[in-house]
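Take a look at the structure set out below.
Within every chain, numbering begins at 1; the chains are lettered A, B, ... in the order of the sequence lines, protein sequences first and strands thereafter.
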Amino acid sequence: MPELPEVETVRRGLNKMIIGQKITAIDILYDKIIVGDVDTFKEQLIDATIAYVGRRAKYLLFNFDNGLTMISHLRMEGKYQVRSKISDFDKHVHIIFHLSNGEYLGYRDVRKFGRMQLVDTNDVTKVKSIALLGPEPLTPEFTYQSLLEGLKSTRKTVKATLLDQHVVSGLGNIYADEVLWLAKVHPEQPANELTTQQVKDLHNGINEDIKKAIDAGGTTIRSYVDATGHSGEFQFQLNVYGRQGKPCKRCETIIEKIKVAGRGTHFCPHCQVLQS
DNA sequence: GGAGGTGTTAGTCA
DNA sequence: CTGACTAACACCTC
């Protein structure tokens, strides 16, 4: 799925394309995407107008003018597409919002992992998955101190901890690997054993890498495309993700791929040494 | 053809 | 409580 930079890119694209559009009808072709009652979901959104698309970590927040917000998580490979004809959507488009300008907003998700939930706008921050999120990069709440506390409080590997959305939110498998490479930290290092300098390097690396990725419009590995149909450009700047068998960009050592926290993990065995 | 991997997270189990 | 593992699903690559 899209991580924070990709979701932010989608958010910006949607805000350019669908603000002010009223929902005139909704086709739900696969019920499990919708959290809660499908008929209620439809009824509450018909005739509602999209006021603004916000974001919290990897969650998109579609704010409507009737006091409701649709929380949308793309999970592994969900994406939004705007098309002028329903026949322009393929079989993996499971939800179709009919817009008042005659266009259609489709939600495409090959693996069907994504979820949409409608809640009162005032209650968004009370929804458990959102309420428990840690601070996100590039905000005042994401401080060196907050990261230090999150890392010190667990014996998990640092990679697993960076993926834990309660410590810092918005990072996924790509940026976790990238940030660990930037900070020269081994992915399997226990989080509570990191040095002060390593935590500082991670904090800076997270902010810098996420900012760069947002500026580049996110990463496109396989099929991810933003709402306007453009690919992100950040994959050209990836330093380790997907580069197993290739030379490290710093020291030429061959990048290795192992499994950490159940996820494919790329690192340089020379730059990122396990401390004991 | 079959096994194993894929950008996530919620739930289960020890 | 914490940490490890798995399911949810369809497709792609070896």
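If you measure from atom NZ of K32(A) to atom P of dA10(B), you get 15 Å, rounded to the nearest angstrom. Computed from coordinates, the L171(A) CG to dT8(B) C1' distance equals 13 Å when rounded to whole Å. If you take CG of D31(A) and C1' of dA8(C), they are 15 Å apart, rounded to a whole angstrom. Per the geometry, CD belonging to E3(A) stands 6 Å off C1' belonging to dG7(B), to the nearest Å. In this structure, the CE atom of M76(A) is 6 Å from the C1' atom of dG7(B), given to the nearest Å. Remark: C1' of dA4(C) and NZ of K159(A) are 16 Å apart, rounded to the nearest angstrom.
Heavy atoms of G262(A) sit nowhere under 4.0 angstrom from any nucleic acid atom. No engagement by K128(A) is indicated, since no non-hydrogen atom pair under 4.0 Å with the nucleic acid exists.
Using a distance-only test at 3.5 Å, with no hydrogens or angles considered, a donor-acceptor pair links the side chain of T9(A) to the main chain of P5(A).
R56(A) and E136(A) are joined by a salt bridge, as a carboxylate oxygen and a charged side-chain nitrogen come within less than 4.0 angstrom of each other. Between E8(A) and R12(A), at least one side-chain N (NZ, or NE/NH1/NH2) sits under 4.0 Å from a carboxylate O, which counts as a salt bridge. We find that K184(A) and D201(A) are not joined by a salt bridge, their nearest charged nitrogen and carboxylate oxygen being 4.0 Å or further apart.
Side-chain atoms of H73(A) lie closest to dT9(B) of the nucleotides dT9(B), dT6(B), dG3(C). Between dG3(C), dT9(B), dA8(C), one nucleotide has an atom nearer to the side chain of Q165(A) than all others, and that is dT9(B). For V110(A), counting side-chain heavy atoms from C-beta on, the closest listed nucleotide (dG7(B), dG3(C), dA10(C)) is dA10(C). Comparing atom distances between the R263(A) side chain and each of dT8(B), dG3(C), dC9(C) picks out dT8(B) as nearest.
Within residues 184-193 of chain A, no residue is approached by DNA chain C to less than 4.0 Å at the level of any non-hydrogen atom. Taking a 4.0 Å limit (strictly below) on heavy-atom distances, residues 112-126 of chain A reaches DNA chain C at K112(A), F113(A).
Between F64(A) and F62(A), the two ring planes are parallel [angle under 30°; tilted spans 30° to 60°].
Separation of the P atoms belonging to dT6(C) and dG4(B) is 13 Å when rounded to the nearest angstrom. Here, dC9(C) and dT12(B) have their P atoms 16 Å apart, quoted to the whole Å. Taking atom C1' on both dC12(C) and dT9(B), the two are 23 Å apart, rounded to the nearest angstrom.
Taking Ile, Leu, Val, Met, Phe, Trp and Tyr as hydrophobic and joining them when side-chain heavy atoms fall under 4.5 Å apart, one finds I71(A) in a cluster with Y59(A), L61(A), V119(A), V124(A), V127(A), I130(A), L133(A).
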Evaluate the criterion side chain to side chain contact (heavy atoms under 4.5 Å, CB included) for residue pair E103(A) and M17(A); output intermediate values, then yes/no. CA-CA 10 Å; E103(A) 298 209 291; M17(A) 302 183 77; 5.7 Å; no

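Around atom NE2 of H270(A), no more than 12 heavy atoms belonging to other residues, nucleotides or ligands sit under 6.0 Å away.
For Y30(A), a side-chain nitrogen or oxygen approaches OP1 or OP2 of dC9(C) to under 4.0 Å.
Paired with N173(A) under the rule side-chain hydrogen bond (donor to acceptor under 3.5 Å, both in side chains), one option of K159(A), E3(A), E178(A) passes, and it is K159(A).
Within the model, atoms CD1 of I96(A) and CD1 of I26(A) stand 11.0 Å from one another, a figure rounded to the nearest 0.5 Å.
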